[in-house]
Amino acid sequence: MKLPDVISSPQSKRIKNAAKLLKRRDRKATGQFLVEGPQAVREALARKGSVVELFITEEAAEEHPSFVSTAKHGRMQCSIVTPRCSPSSHQP
């Protein structure tokens with residue numbers, strides 16, 4: 001199984017695009033949104049086709065290895081992010 005990409009720059013285009021979803025107008029325009037926390041991520045991953053990309057810190061990936069394996073088996077983009085790069089901590 002291919003290891004997840006690692007994103008360490010908050011200037012990453014994927015991080016910036018995900019961070020845009022913090023704004024209602026961008027969520028409405030794309031029909032997408034961010035979920036955070038183990039329970040919300042678990043529920044989203046359980047709904048086939050609802051997750052576009054999984055951003056997860058290394059610590060969270062170690063604590064919840066099933067998230068990464070579910071994303072990979074579902075052929076979702078999966079990226080390890082450093083805490084300073086997580087979309088929710090980024091201001092677009």
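What's counted below: heavy atoms across the whole structure, side chains too, no hydrogens, waters or symmetry copies.
- Remark: Thr82 engages Ser8, Arg84, Cys85 in a side-chain contact (heavy atoms from CB on, under 4.5 Å) (not counting sequence neighbours).
- Sorted by first and then second residue, the ring-ring contact (aromatic ring centres under 6.0 Å, His included) pairs with a member in residues 36-67 read His64-Phe67; sequence neighbours excluded.
- Nearest heavy-atom pair, Ala61 versus Ile80, reported as atom, atom and distance to 0.1 Å: CB-CD1, 3.9 Å.
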Show the atom names and distances, to 0.1 Å, of all donor-acceptor pairs under 3.5 Å that link a side chain in residues 31-40 to residues at least two apart or in another chain.
unit_1	atom_1	unit_2	atom_2	d
Glu36	OE2	Ser88	OG	2.7
Gln39	OE1	Arg42	NH1	3.0
Gln39	NE2	Glu43	OE2	2.7

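- Listed here is the closest heavy atom pair of Val68 and Cys78: CG1-SG, 4.0 Å.
- Residues Glu58 and Glu62 have side chains in contact (heavy-atom distance under 4.5 Å, counting atoms from C-beta outward).
- Contact of the Glu53 side chain with the Ser79 side chain is registered, since non-hydrogen atoms from C-beta on lie closer than 4.5 Å.
- Here NZ of Lys23 is found 16.0 Å from NZ of Lys28. Values are rounded to the nearest 0.5 Å.
- In this structure the side chain of Thr30 reaches within 4.5 angstrom of the side chain of Leu21, judged on heavy atoms.
- Taken to the nearest 0.5 Å, the CG atom of Leu54 stands 6.0 Å off from the CG atom of Leu45.
- Hydrophobic clustering of Ile, Leu, Val, Met, Phe, Trp and Tyr side chains at less than 4.5 Å, counting indirect connections, unites Ile56 with Val6.
- Partners of Ser12 by side-chain contact (heavy atoms from CB on, under 4.5 Å), not counting sequence neighbours, listed by chain and number: Ile7, Arg14, Ile15.
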